[in-house]
Amino acid sequence: MATRPVGTVEAALLAKGMERDETHHHMFRKTVDDATHLVTRISHNAREIDDGLGHLMANQLCLQLREFWELVDCPLSEGDWDDIVRNRCAEGRNPFLWR
């Protein structure tokens, strides 16, 4: 099972264009093409992100788990991520979220 320190994940999200918003969690937000709003969060007391939490965060960010770890580890650039979101999230709808 893959794990990454929370600081590594947070730094990667910020480096890939997400904005941090402090509430009862560390919230991360990004809008692609004024249509798709990506939001994920990390608990204040979290120390590591494992595959279970990574999978949930990946879905919120319109990614598969493998792509999420690539986003964190840097092979997936912000531009490539934006392209994935544009292709998967027609009309701003994230296919990984059942809303």
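Residues take their numbers from the sequence shown, with the count starting at 1.
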Quiz item: Can you check side chain to side chain contact (heavy atoms under 4.5 Å, CB included) on Val6 and Ile49, steps first, answer last?
Solution: CA-CA 6 Å; Val6 164; Ile49 305 297; 4.0 Å; yes

Quiz item: After noting the C-alpha distance and the side-chain angles of His55 and Gln64, does the key distance pass the side chain to side chain contact (heavy atoms under 4.5 Å, CB included) rule?
Solution: CA-CA 7 Å; His55 177 76; Gln64 297 171 359; over 6 Å; no

Practice problem: Determine, step by step, whether Leu38 and Trp81 satisfy the side chain to side chain contact (heavy atoms under 4.5 Å, CB included) criterion, reporting the C-alpha distance in whole Å, the side-chain angles of both residues, the deciding distance to 0.1 Å, and the verdict. | Solution: CA-CA 12 Å; Leu38 305 171; Trp81 179 27; 3.6 Å; yes

Quiz prompt | Verdict with reasoning, Glu78 to Lys30, per salt bridge (charged side-chain N to carboxylate O under 4.0 Å, His left out) | solution = CA-CA 11 Å; Glu78 180 178 0; Lys30 180 177 180 166; 3.2 Å; yes

Practice problem: Take Glu19 and Phe28 through the test side chain to side chain contact (heavy atoms under 4.5 Å, CB included) and record every step on the way to the result. | Solution: CA-CA 5 Å; Glu19 295 180 6; Phe28 296 87; over 6 Å; no

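With hydrogens and angles ignored, the 3.5 Å screen pairs a side-chain donor or acceptor of His44 with a backbone N or O of Thr23. Of the possible donor and acceptor atoms, none in the side chain of Arg88 sits under 3.5 Å from a partner among the backbone N and O of Pro95. With hydrogens and angles ignored, the 3.5 Å screen pairs a side-chain donor or acceptor of Asp50 with a backbone N or O of Leu53. Listed for the Lys16 side chain is a donor-acceptor partner under 3.5 Å among the backbone atoms of Leu76. Although no hydrogens or angles enter the test, the distance criterion places no donor-acceptor pair under 3.5 Å between the side chain of Thr31 and the main chain of Asp34. Between the side chain of Asp21 and the main chain of His26, no donor-acceptor pair closer than 3.5 Å is present.
Open room surrounds CZ on Arg41; 12 or fewer heavy atoms of other groups in view lie less than 6.0 Å from it.
Contact detail for Ala12 and Leu71: the closest heavy-atom pair is CB-O, 4.0 Å. Taking every heavy atom of both residues into account, Trp69 and Gly54 meet most closely at CZ2-CA, 4.4 Å.
Following chains of ILVMFWY side-chain contacts shorter than 4.5 Å, one can reach Leu14 starting from Ile42, so the two form part of one hydrophobic cluster. Under a hydrophobic-cluster definition in which Ile, Leu, Val, Met, Phe, Trp and Tyr are linked whenever side-chain heavy atoms come within less than 4.5 Å, directly or via other members, Phe96 and Leu65 are assigned to different clusters. With hydrophobic clusters built from ILVMFWY side chains whose heavy atoms lie under 4.5 angstrom apart, Val32 shares a cluster with Ile84.
Expressed to the nearest 0.5 Å, how far CD of Glu10 lies from CE of Met18 amounts to 11.5 Å. Taking SG of Cys89 as the reference point, atom CG of Leu97 lies at 8.0 Å (rounded to 0.5 Å).
In this structure the side chain of Leu13 reaches within 4.5 angstrom of the side chain of Leu61, judged on heavy atoms. Between Asn94 and Thr36, the closest side-chain pair of non-hydrogen atoms is not below 4.5 Å.
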